[in-house]
Amino acid sequence: MRLTGFQSGLDINQMVSDLMKAQRMPMNKLTQQKQLLEWKRDDYRETNRLLNDFRNLSFDMTLQRTYSQKTVTSTNDKVSATASSSASNVSYTLSDVQVAKVATNSSTSSAMKDGTTKLDVTTSLWEQRDKFGNFQTKTVSDAAIASGGSTFSLGGKVNGSNLDAITVRMADDTTLVDYDVITTSPDDIVGNQVYLNEETGEFTFGSAFTEDVTVEPISVAAFDFGFKITTYNQAGDAVPQTFSFNGDQTMDDIVAEINNSDLGLTAFYDEFKGGLVVAKREAGSFNPSDTGKEIEFEGDFLTGAMNLNQATETGGTPATVTINGVVTERNSNTFSINGVTFTLKEDMPGQSAVINVANDTDQTFDAVKNYITKYNELIEKLNAKTGEPVYREYKPLSDEEKESLSEKQVEQWEEKARSGLLRNDSILTSGLGKMRSALYESVSGLSGQYDQLAQLGITTSSNYRDKGKLLIDDDKLKAAIANDPNSVMQMFTSNGENDTGLGIARKLREAAGATISGIEARAGNATRTAQQFTIGRELLNVDQRISAFERRMQTVEDRYWRQFTAMEKAIGQSNQQSMQLMSQFTNG
C-alpha cells in the first residue's frame with residue numbers, strides 16, 4: 001500500500017517522479033544511442049539501394065546487346081523489318097511479293113430453312129428448333145418393343161416436326177401398322193397414334209403391345225450432336241478435335257468452344273448471311289496431302305445445319321517473294337533471315353522494297369550518356385552523405401520532448417539530429433575512390449581505337465565542388481560511336497585476362513558490389529538477422545542494457561515508495577502519540 005502524503009502534506013507522487021527523472025538520465029542516453037544506430041542503419045541501407053541500382057545498370061552495360069542494336073529502314077511501306085543485335089549490316093531487295101493468305105470457309109447458304117430467318121446467337125438451339133432446315137440426324141434401325149411394352153426412346157432432344165408417321169412390324173413379320181406421330185400430349189392419343197416427347201426422344205403408344213414388335217428405321221433431327229474439325233500446324237501435322245453439344249447450348253457457346261480450342265481457328269456467326277464463318281489464324285499452306293485443305297470437318301451440324309462445304313475453302317496459300325533475285329516461299333507473312341525479321345503487308349506485283357540494316361548509333365549514344373548521368377547522380381548523393389555536417393547539439397528527442405513540439409519542429413530537429421551519421425564514412429569513401437579509379441584508368445589489351453573515356457569526349461569536371469562528376473561532349477561521343485562502335489563497346493564490356501583489362505562497366509560493377517558487401521556487413525539487409533551485422537549486434541546490446549536499466553529503475557522506484565511510506569507511517573504514529581498526550585494533559 002502506498003501512502004501519498006496524507007500525514008505529511010507532501011506531494012509524494014511528484015517527489016518520486018522528480019527523483020526518478022534524475023535516476024533515468026542514463027536511460028535517455030541509451031534511447032538516444034539506439035535511435036542513432038537505427039538511423040545510421042537506415043541511411044546505410046538507403047545508400048545500398050542506390051548502389052544496387054547502379055550495379056544492375058552496370059551489368060546491362062556489360063552486355064553486347066546494349067551497343068549492338070540495329071536500325072532498319074524500308075523504301076516501301078508494304079514491307080517492314082526489324083533486326084536483332086546479331087544481324088549483319090546488310091541490304092535486302094524484296095520484289096514481286098504475294099502475301100500469304102489464311103484459309104477460310106463459310107456457309108454456302110443460310111442455315112435457316114426459309115433462308116431469311118436469323119438465328120438468335122444467345123438463345124438455345126432447342127428453343128429455335130423450328131428455324132432449322134437440315135440438322136444433325138439421329139437414325140434408329142429396327143427398334144424392338146417387347147410384349148407388354150408401350151414405349152421406346154431415341155435418347156435426347158429431337159425435333160419431330162418433320163416426322164409424320166412411324167411403322168411398326170408385327171410378330172408375323174408381314175403385318176405393318178402405321179402410327180401417326182403427335183407431339184402435344186400422350187393424353188391426346190386416339191386410334192393409331194403415337195406420342196413423341198421431343199424433350200426426351202421417347203415414343204409412347206396408346207396401349208401396350210401383346211406381342212414382340214419392331215419399329216421400322218426412322219431418322220429425326222437430333223439436338224444432342226457433335227462434330228469434328230481438323231487443322232494442320234506448321235510442321236504439317238494434323239490437329240484434330242471433336243466437339244459435343246446439346247440443344248440447351250447457344251450458337252455463341254459453339255463459336256466460343258471452337259475459338260478456345262487448339263485448332264488455331266477464328267469462328268463467328270455471320271448474322272447477315274445467316275451462316276458460320278471459320279478461318280485459320282495463321283496464313284499459309286500447311287496440309288501436305290493432295291487435298292491441300294487447311295480446315296477439314298465432319299458432322300451433320302456443320303455440313304447440314306450450317307451448310308459448310310469443304311470444297312469452297314479459300315486461301316491457305318503461302319507467301320511468295322523474290323529476295324535478292326531468289327524466289328522463295330514462306331508459310332507466313334512474317335519470317336526471319338540471318339537475324340532480320342520481315343513482315344509482308346500487301347501484294348507488290350511489279351514493285352520492290354529495299355531493306356537496309358545498320359547500327360543504331362543513337363541507341364548506343366543514349367545508353368552511354370544515361371550510364372554516365374546515373375554515375376553522376378550516384379556520386380553526388382554519396383558525396384552529399386559523406387560530407388553532411390554534424391550538429392552535435394541536436395540529440396534524438398524523447399517522447400516527452402516531442403509532445404511539447406509541433407510536427408514541423410520535430411521534423412526540423414530530427415533532420416539536424418540525423419545529419420552527418422555517415423560523414424567521412426570509410427566504406428563509402430573507399431567505394432567512391434575505387435569507382436573514380438575505374439574511370440580514370442585506361443583499359444588495356446583492346447584492339448580498337450579507344451581505351452580511355454577522354455577519347456570519347458567524357459572528361460572529369462574541373463570544378464572541385466563537383467567532386468569527380470563527369471562531363472560529356474555529345475558531338476565527340478557520337479563521332480566516336482559512328483567511327484568505331486566495336487571499340488566503344490569493348491571499352492565498357494571487355495572481360496580482360498587475369499584480372500587485367502576489365503572494361504569500365506565491369507570495374508564499376510565490381511566496385512559497387514564491394515561497397516554493397518561492406519555496407520551489408522555493417523548494416524545488414526532484409527534477409528539478415530540482427531546477429532549477422534555489426535549495427536544489429538550493437539542494437540541488441542543496447543536493448544539488453546535498456547531492459548536491465550528498466551528493471552533497476554523499478555527497484556529504485558519501489559525503494560523510494562517504501563521510504564516515503566515508512567515516513568508517512570512514522571509521522572502518523574507521532575501525531576497519534578501527540579494527540580494522546582494532549583488528551584491526558586487536558587483531562588488532568
Side-chain angles (χ1 to χ4, degrees), residues 100-113 115 117-121 124-126 128-129 131-139 156-159 219-318 331-332:
K101 294 179 175 60
V102 297
T104 62
N105 206 331
S106 61
S107 300
T108 56
S109 60
S110 171
M112 303 300 97
K113 63 183 179 181
T117 304
K118 302 303 180 186
L119 185 67
D120 185 342
V121 296
S124 73
L125 299 183
W126 175 247
Q128 305 178 84
R129 56 189 179 276
K131 295 180 180 180
F132 287 99
N134 296 324
F135 202 73
Q136 173 94 1
T137 57
K138 179 171 290 188
T139 301
K157 292 180 171 64
V158 295
N159 185 1
S219 294
V220 292
F223 281 79
D224 290 321
F225 61 92
F227 54 81
K228 179 180 178 182
I229 300 178
T230 302
T231 60
Y232 293 83
N233 60 24
Q234 286 192 352
D237 298 327
V239 181
Q241 186 155 340
T242 300
F243 299 85
S244 295
F245 299 97
N246 60 62
D248 293 328
Q249 290 177 281
T250 68
M251 196 65 202
D252 274 352
D253 295 332
I254 296 171
V255 167
E257 287 206 31
I258 295 174
N259 289 337
N260 294 332
S261 70
D262 296 328
L263 295 171
L265 293 176
T266 298
F268 67 92
Y269 179 75
D270 184 354
E271 295 187 11
F272 178 75
K273 290 179 59 178
L276 185 66
V277 178
V278 289
K280 286 284 294 288
R281 295 195 187 108
E282 193 170 21
S285 174
F286 306 103
N287 185 350
S289 71
D290 293 338
T291 67
K293 299 302 180 184
E294 299 297 313
I295 310 171
E296 299 174 345
F297 40 83
E298 303 172 20
D300 289 345
F301 177 77
L302 296 181
T303 60
M306 291 295 108
N307 296 320
L308 285 173
N309 185 341
Q310 205 159 276
T312 62
E313 178 181 301
T314 61
T317 57
N331 264 333
S332 172

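The basis for the numbers below is simple: all heavy atoms, side chains too, and nothing from hydrogens, waters or symmetry mates.
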Between [X] and [Y], what is the shortest heavy-atom contact and its length?
X	Y	result
F297	N309	CZ-C, 3.8 Å
F268	L276	O-CD1, 3.5 Å
F243	E257	CE2-O, 3.6 Å
A100	S332	CB-C, 4.2 Å
Y232	N287	CE1-ND2, 3.3 Å
G247	D224	N-OD1, 4.2 Å

Hey, could you give me the [atom1]/[atom2] distance between [X] and [Y], rounded to the nearest 0.5 Å?
X	Y	atom1	atom2	answer
E296	L302	CD	CG	13.0 Å
E298	T242	CD	OG1	8.0 Å
Q249	L125	CD	CG	8.0 Å
D252	S124	CG	OG	12.5 Å
K157	D248	NZ	CG	4.0 Å
N246	F223	CG	CZ	11.0 Å

> Picking from L119, T250, I254, what satisfies side-chain contact (heavy atoms from CB on, under 4.5 Å) with Y269?
Replying inline: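 Result: among L119, T250, I254, L119 is the only option passing the side-chain contact (heavy atoms from CB on, under 4.5 Å) with Y269.
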>> Going by side-chain contact (heavy atoms from CB on, under 4.5 Å), N233 matches just one of L263, D262, V239. Which one?
In response: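 That would be V239; it is the only one of L263, D262, V239 passing the side-chain contact (heavy atoms from CB on, under 4.5 Å) with N233.
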> Is the shortest distance from a Lys or Arg side-chain nitrogen in E313 or K293 to a carboxylate oxygen in the other one below 4.0 Å?
Replying inline: no
Hey, does the side chain of [X] reach the backbone of [Y] with a donor-acceptor pair shorter than 3.5 angstrom?
X	Y	value
T266	R281	no
N259	A267	yes
E294	V102	no

> For M251 and M306, what are the C-alpha separation, side-chain angles and deciding distance, and is it a side-chain contact (heavy atoms from CB on, under 4.5 Å)?
Replying inline: CA-CA 11 Å; M251 196 65 202; M306 291 295 108; 3.7 Å; yes
>> Set out, in order, the CA-CA distance, both residues' side-chain angles and the distance that settles side-chain contact (heavy atoms from CB on, under 4.5 Å) for E282 and Q234, then state yes or no.
In response: CA-CA 9 Å; E282 193 170 21; Q234 286 192 352; 2.3 Å; yes
> Hey, are the side chains of T314 and K101 touching, using non-hydrogen atoms and a 4.5 Å cut-off?
Replying inline: no
> Heavy-atom distance under 4.5 Å between the side chains of P240 and K228, does that happen here?
Replying inline: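 A side-chain contact under 4.5 Å exists here.
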> Can you find a side-chain donor-acceptor pair between N105 and T312 that sits under 3.5 Å?
Replying inline: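 N105 vs T312: donor-acceptor pair found between side chains.
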> Does the side chain of T317 pick up a donor-acceptor pair with the side chain of S285 at under 3.5 Å?
Replying inline: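 On atom types as modelled, these side chains do not qualify, holding no pair under 3.5 Å.
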> Should the ring pair F227 and F301 be called parallel, tilted or perpendicular, given that the plane angle runs from 0 to 90° and is split at 30 and 60?
Replying inline: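 Taking F301 first and then F227, their aromatic rings lie parallel (interplane angle under 30°).
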>> For N331 and F286: C-alpha separation, side-chain torsions, deciding distance, then whether side-chain contact (heavy atoms from CB on, under 4.5 Å) applies.
In response: CA-CA 7 Å; N331 264 333; F286 306 103; 3.4 Å; yes
>> Is there a side-chain contact (heavy atoms from CB on, under 4.5 Å) between V277 and T104? Walk through the geometry before answering.
In response: CA-CA 7 Å; V277 178; T104 62; 5.5 Å; no
